[in-house]
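To find a chain, count down the sequence lines: A is the first, B the second, and so on, and within it residues start at 1.
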Protein chains: 2
Amino acid sequence: MKKLDMREKLKNNGMKSTKHRVAILEILIKKDQPVSAENIFFDMQKMDVSINLSTVYRNLEALAEKGLVTKLSLSGDNRSVFEYNKMVHRHYLICLGCKKILAIEHCPIKSYEHQIEDETDYEIVGHKLDLYGYCPKCKKNNPGYQPKNSQD
Amino acid sequence: MKKLDMREKLKNNGMKSTKHRVAILEILIKKDQPVSAENIFFDMQKMDVSINLSTVYRNLEALAEKGLVTKLSLSGDNRSVFEYNKMVHRHYLICLGCKKILAIEHCPIKSYEHQIEDETDYEIVGHKLDLYGYCPKCKKNNPGYQPKNSQD
DNA sequence: ATGATTGCAAACGGTTTGCACCTAC
DNA sequence: GTAGGTGCAAACCGTTTGCAATCAT
């Protein structure tokens, strides 16, 4: 997506188009996986876009408010991560070794949700599924490692 | 589970048995759902067990270290919650209205994990599935509400 | 011109830590 | 007696906020 398209997109969502917001969107779209506010902050410095960390947070919040960006908190890390919202339902595969996050688009949960709705009388509006494991590289370095809690 | 059994359990896991630890286990077992450190702290005051919040954290960490307790961070809340580890695999159904957390023991994910292992060449060691929705009570108060991001 | 956005520094809230004292074993 | 547990206060770290200056429209 080009800069001009991003400026367009911001305006369509009733947001002023600033170089900061464009740069944040650029970074998120390029990465195509969840990143922390601090990471974005550093990437912007590398791009010679001077910005304050609190402005990163404010923009991420504004973008999330408009639905352009999604904020997630993945287990085991206290900080939030953000990704460009491609409007597709995704799950995440987090490597316990190098902490890399892989997005997965296939979702097996819909029928399970209906089943739980029937059992509990809740109205279920969504879910979050994260898988934890070791990527091919870390798998080699940690052969046979088993975490204490497979659900965590 | 009786106090004596808990003292036993602590010792079997190489931990000193203190009134604080016993009380924390009592609370977690009674609740049978994830609670925050602060909640535990307040409950202990109600039980007339005087304790410092940092001791609650230290004990929860020690108990989690030994696998007696599980630490989880559920989306949308910055703070961690803890539950007694019944050694069963569980999922959580979080009410977006009243924030109540319901534990669900049926898990539909195993075969999905194998499929993802084949596709990605990762070694998957666990997963975390949280469902979000409205409990019967909150459902009535928020008819038709839809969150912006169903995956969050 | 006007309201939104920014940088800066200070506050915030959950969690952790250093240290002197205390307790279980 | 000794290793480990505790209270207290202070530090920590990711995040938020108040305010005055600046920018997009």
Distance in angstrom units between A:K11 NZ and D:dC23 P, rounded: 17 Å
Give me the distances for all protein-to-nucleotides 2-9 of chain C N/O pairs that come in under 3.5 Å?
unit_1: C:dG3; atom_1: N2; unit_2: A:K16; atom_2: NZ; d: 2.7
unit_1: C:dA4; atom_1: O4'; unit_2: A:K16; atom_2: NZ; d: 3.2
unit_1: C:dT5; atom_1: OP1; unit_2: A:R21; atom_2: NH1; d: 2.5
unit_1: C:dT5; atom_1: OP1; unit_2: A:R21; atom_2: NH2; d: 2.8
unit_1: C:dT6; atom_1: OP1; unit_2: A:T18; atom_2: OG1; d: 3.2
unit_1: C:dT6; atom_1: OP1; unit_2: A:H20; atom_2: ND1; d: 2.9
unit_1: C:dT6; atom_1: OP2; unit_2: A:N59; atom_2: OD1; d: 3.1
unit_1: C:dT6; atom_1: OP2; unit_2: A:N59; atom_2: ND2; d: 3.2
unit_1: C:dG7; atom_1: OP1; unit_2: A:S50; atom_2: O; d: 3.4
unit_1: C:dG7; atom_1: OP2; unit_2: A:N52; atom_2: N; d: 3.0
unit_1: C:dG7; atom_1: OP2; unit_2: A:T55; atom_2: OG1; d: 2.6
unit_1: C:dG7; atom_1: N7; unit_2: A:R58; atom_2: NH2; d: 3.1
unit_1: C:dG7; atom_1: O6; unit_2: A:R58; atom_2: NH2; d: 2.9
unit_1: C:dC8; atom_1: N4; unit_2: A:S54; atom_2: OG; d: 3.4
unit_1: C:dC8; atom_1: N4; unit_2: A:R58; atom_2: NH2; d: 3.4

Any A:S17 side-chain N or O less than 4.0 Å from OP1/OP2 of D:dA24: no
Salt bridge (Lys or Arg N to Asp or Glu O under 4.0 Å) between A:E113 and A:K110, worked out: CA-CA 5 Å; A:E113 283 190 358; A:K110 259 286 158 274; 2.9 Å; yes
Separation of atom CD in B:E61 from atom C1' in D:dG4, rounded to whole Å: 14 Å
Lys/Arg-Asp/Glu bridge criterion (N-O < 4.0 Å) met for A:D43, A:K31: yes
Validation row: A:I101, A:V35 side chains within 4.5 angstrom (heavy atoms): no
Test item: B:K128 side-chain N/O and A:Y132 main-chain N/O as donor-acceptor pair under 3.5 Å: no
d(CG, B:N39; P, C:dG13) in whole Å: 17 Å
Aromatic plane relationship, B:H106 with A:Y112 - under 30° parallel, 30 to 60° tilted, over 60° perpendicular: tilted
Whole angstrom value for the distance that separates P of D:dT16 from CD of A:E65: 12 Å
Heavy-atom donor-acceptor pair, B:N13 side chain to B:M15 backbone, under 3.5 Å: no
d(CZ, B:R79; C1', C:dC12) in whole Å: 15 Å
